[in-house]
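First the proteins, then the strands, lettered A, B, ... as listed; each starts at 1.
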Number of protein chains: 2
Amino acid sequence: MVKSIHLQTLLELLLLGAKEGPVKLSTMDLAKKIGKSQQAASKHLSELEQHRFLERMVESNDSYVKLTRKGVDAMAELHSVLTTALEKKHRIREISGTLFTGLGEGAYYVALPGYRRQFISNLGFDPFPGTLNLRLISKIDRSLRRDLEHRAGISIEGFDDGERTYGRAKCFRSTVNNKVKGAVLAVERTHYDDSVLEVIAHENIRSVLKVSDGDMISVRIDIS
Amino acid sequence: MVKSIHLQTLLELLLLGAKEGPVKLSTMDLAKKIGKSQQAASKHLSELEQHRFLERMVESNDSYVKLTRKGVDAMAELHSVLTTALEKKHRIREISGTLFTGLGEGAYYVALPGYRRQFISNLGFDPFPGTLNLRLISKIDRSLRRDLEHRAGISIEGFDDGERTYGRAKCFRSTVNNKVKGAVLAVERTHYDDSVLEVIAHENIRSVLKVSDGDMISVRIDIS
DNA sequence: ATTACTATCTACCGAGTAG
DNA sequence: TCTACTCGGTAGATAGTAA
């Protein structure tokens, strides 16, 4: 593999057009371009030549350099990795917190037909009547939790059952402890603050994972 | 500017999604990814932090890293330069040779109406009746000269004047000694071999540049 | 003018280890 | 566990200079 110290040199050679044909280049010219000494440039060229990233030809007093297929490929590979890395959308967040027992309001809301129907149609599962409540300790986790508010997520509309109105909410598909699939709830004007994460799932997460209050739980959240 | 030794680390951070938000990353994790020791990873992170390419947050035992705007920009800049360098078509060749006097055949052919009309319409100038002949000394120059044969260039069709037929040729826009614009001729089945380069121009190049036999002349050739 | 050797100096790395 | 220090070894850089 190409050494990182040689990337500058390969880049300059590309810019000079050394992938098309031999380019006239003295070690002094290269030195100026890479901001190193003539001796360093000489060494870089000879090392790159040794590893077949380039070929050199000497014609009386002039030296010519041409990138080999291997040299161009190495740079193309770097370009491709960079493209991937820069364009990649990271859709996964991981948040950890300790399990605690809420006031039971979660269970009440989740079971309401107005919400439940939407969970079934939008998430594809009928939620277990109850939420898993995690207390977020670290600043990082709380900041990640707050960040969810600014993302679209899967929308759950508010409704009116004739007696009172129920607010909007949104959720994000999630996996608890890398095992149980479900969704994280982000309720507007929630009764909890940013230190709480509520998770719903088709199953009873507590019993499936055999966890109880105080246990540390991690949730992978798909924010796409 | 970012040091080349740190590119690996920045690249790994990008791949981990550290441009979107804080990513949990220990110095040991990073060490594995970049194939260096934990101590080296630690130093890389602290140097990058010092130069504001990234921010770090420590939460009890966990360390989180997030690329700054500057860090992402540095990588985006590299990506953009790489894109340019890889896509750039280098359309210019430079060939040098020593001036010599030919047999005068060049003047005869260039002045023939069948060719002259095409020079005027395809090149946009009425050529001086005579060619500038350069003797190519170095292997590099001769190989560049031969390479012209494989390129399209500007086509000059052959013709028949009733007495005999005149062959096809092609030419490439060129600049002699960085001053006089004209064109290099590549005649099919030429009477010269690959050690000769023929240049035509509207002006008399010898008198405009005040050059004479034996002088070293350089020609920039547009091969697009 | 070149390129590239030797000698010297600096920066980087890894081992050990403290906090 | 974790991060990051010191320190000794080595790779990389420069200066001087030969060819």
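- The residue A:Ser26 sits close only to the backbone: its heavy atoms come under 4.0 Å of sugar-phosphate atoms, none of a base.
- Searching all strands for a Watson-Crick or G-U wobble partner of D:dT1 with both distances below 3.5 Å returns nothing.
- Using a 4.0 Å heavy-atom cutoff across all strands shown, A:Ala40 reaches at least one base atom of the nucleic acid.
- Contact between the side-chain N/O atoms of A:His44 and the OP1/OP2 oxygens of D:dG12 is not found at any separation under 4.0 Å.
- At a cut-off of 3.5 angstrom, the base of D:dG12 holds no donor-acceptor pair with the side chain of A:Gln39.
- In this structure, of C:dA4, D:dT3, C:dG14, it is C:dA4 that holds the atom nearest to the side chain of A:Gln38.
- Residue contacts shown for B:His6 are absent, as no nucleic acid heavy atom lies under 4.0 Å away.
- A 4.5 Å side-chain heavy-atom check between B:Val219 and B:Ser96 finds every atom pair outside the cut-off.
- Among the atoms of the strands shown, none is found under 4.0 Å from any heavy atom of A:Ser46.
- Rounded to an integer number of Å, the gap from B:Leu25 CG to D:dA4 P is 12 Å.
- Taking atom CD1 of residue A:Ile34 and atom P of nucleotide D:dG12, one finds them 13 Å apart after rounding to whole Å.
- Atoms CE (B:Met28) and C1' (D:dC2) sit 12 Å apart, rounded to a whole Å.
- Put simply, CD on B:Gln50 is 18 Å from P on D:dT3, counting in whole angstrom units.
- Rounded to whole angstrom, the span from the CG atom of B:Leu48 across to the P atom of C:dC12 amounts to 12 Å.
- Remark: the B:Thr68 side chain and the B:Glu55 side chain contain no N/O donor-acceptor pair separated by less than 3.5 Å.
- Looking at B:Val184 and B:Leu197, their side chains come closer than 4.5 Å, going by heavy atoms from C-beta outward.
- Contacts of B:Ile5 with the nucleic acid, taken as non-hydrogen atoms under 4.0 Å apart, involve only primed sugar atoms and P, OP1 or OP2.
- Remark: C1' of C:dT3 and CG of A:Leu54 are 15 Å apart, rounded to the nearest angstrom.
- Side-chain atoms of A:Val23 and A:Val65, non-hydrogen and from C-beta on, never get closer than 4.5 Å to each other.
- For A:Glu47 against D:dG12, a side-chain-to-base donor-acceptor contact under 3.5 Å is absent.
- With distances taken from any side-chain atom of B:Thr27 to the nucleotides C:dC13, D:dT3, C:dT3, the minimum falls on D:dT3.
- Side-chain contact check for B:Arg135 and B:Ser195: at least one donor-acceptor pair (N or O, by modelled atom type) lies under 3.5 Å.
- Within 4.0 Å (heavy atoms only), B:Lys36 reaches sugar-phosphate atoms of the nucleic acid but no base atom.
- Rounded to a whole Å, the CG atom of B:Leu45 is 15 Å from the P atom of C:dC12.
- One finds a side-chain N or O of A:Arg56 lying less than 4.0 angstrom from the OP1 or OP2 phosphate oxygen of C:dA4.
- When the P atom of D:dA13 is taken as reference, atom NZ of A:Lys43 falls 8 Å away, rounded to whole Å.
- As judged by a 4.0 angstrom heavy-atom cut-off over every strand, A:Lys3 is placed among residues touching the sugar-phosphate backbone only.
- Just one of B:His44, B:Glu47, B:His51 meets the side-chain hydrogen bond (donor to acceptor under 3.5 Å, both in side chains) condition when paired with B:His6; it is B:Glu47.
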